[in-house]
Amino acid sequence: MLVLLGISLASFSQKLSLNESTNFYEFSKIVKTNDGKIKEKFIKRFKQINLEDIESSEKSIKGTGVTSHLASGIPIAIMYLVKVDFKEKKYKLTLTNFLLEDQRGKHPLEGMRSYKKRWIKKINKKLPEIISNIENLNTKEEEW
């Protein structure tokens with residue numbers, strides 16, 4: 001029973017993987033939806049969660065997100081690209097182009113050499129929270 005539970009959790013886990021065609025680490029998932037206003041909701045949500053450089057086209061929207069991690073007392077900004085592609089009755093959410101920024105500058109995840117596995121683990125721990133925040137489309141704005 002525990003083995004089956006472990007297998008099912010592993011198959012639905014949210015983890016980065018290397019995209020062989022682009023050579024970037026990314027997370028993506030496809031979600032079925034019957035919501036006719038899904039694109040407008042995502043645009044509104046991107047603005048609510050302060051994504052930057054939001055671009056919208058007929059079939060997709062994208063923006064840049066940021067989260068942070070404290071490593072040895074030093075804050076590290078983790079930047080990433082959020083892209084949502086739309087097709088009839090479904091959308092594909094992709095997070096990619098992860099950059100780590102500290103006082104020495106910006107470093108792509110793919111170029112982290114010996115630290116790459118460690119940072120992938122740290123990002124994987126943050127992924128469920130990031131994805132949940134992006135997909136929380138039913139939030140109401142508070143009125144003052």
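Values reported hereafter were calculated over all heavy atoms of this structure, with side chains retained and with hydrogens, waters and symmetry mates removed.
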>> Test of understanding: with side chain to side chain donor-acceptor pair (under 3.5 Å), list the residues that count as partners of Tyr91, not counting sequence neighbours.
In response: Glu135
> Quick one: side chain to side chain donor-acceptor pair (under 3.5 Å) partners of Thr22, sequence neighbours excluded?
Replying inline: none
>> Using a 6.0 Å cut-off, check whether atom CD of Glu40 has over 12 heavy atoms from anything other than its own residue.
In response: yes
> Got more than 12 heavy atoms from elsewhere within 6.0 Å of CD, Gln103?
Replying inline: yes
Looking only at non-hydrogen atoms, find the nearest pair between [X] and [Y] and report the distance.
X	Y	result
Leu16	Asn124	N-OD1, 2.8 Å
Ser60	Asp85	CB-OD1, 3.2 Å
Thr94	Ser28	OG1-CB, 3.6 Å
Ser56	Ile61	OG-CG2, 3.4 Å

>> Please tell me whether Ile123 and Phe24 are part of a single hydrophobic cluster in this structure, the criterion being side-chain heavy atoms less than 4.5 Å apart.
In response: no
> Shared ILVMFWY cluster between Ile78 and Met112, side chains joined below 4.5 angstrom?
Replying inline: yes
> Members other than Met79 in its cluster, when Ile, Leu, Val, Met, Phe, Trp, Tyr link by side-chain heavy atoms under 4.5 Å?
Replying inline: Val66, Leu99
> Quick one: do the Asp35 and Thr33 side chains pair a donor with an acceptor below 3.5 Å?
Replying inline: no
>> Give me each pair satisfying side chain to side chain donor-acceptor pair (under 3.5 Å) with a member in residues 64-84, each pair once, sequence neighbours excluded.
In response: none
> Who passes ring-ring contact (aromatic ring centres under 6.0 Å, His included) against Phe86, sequence neighbours left out?
Replying inline: none
> Tell me the salt bridge (Lys or Arg N to Asp or Glu O under 4.0 Å) pairs involving residues 102-125, sequence neighbours left out?
Replying inline: Asp102-Arg104
>> Is the shortest side-chain heavy-atom distance between Lys29 and Lys92 below 4.5 Å?
In response: no
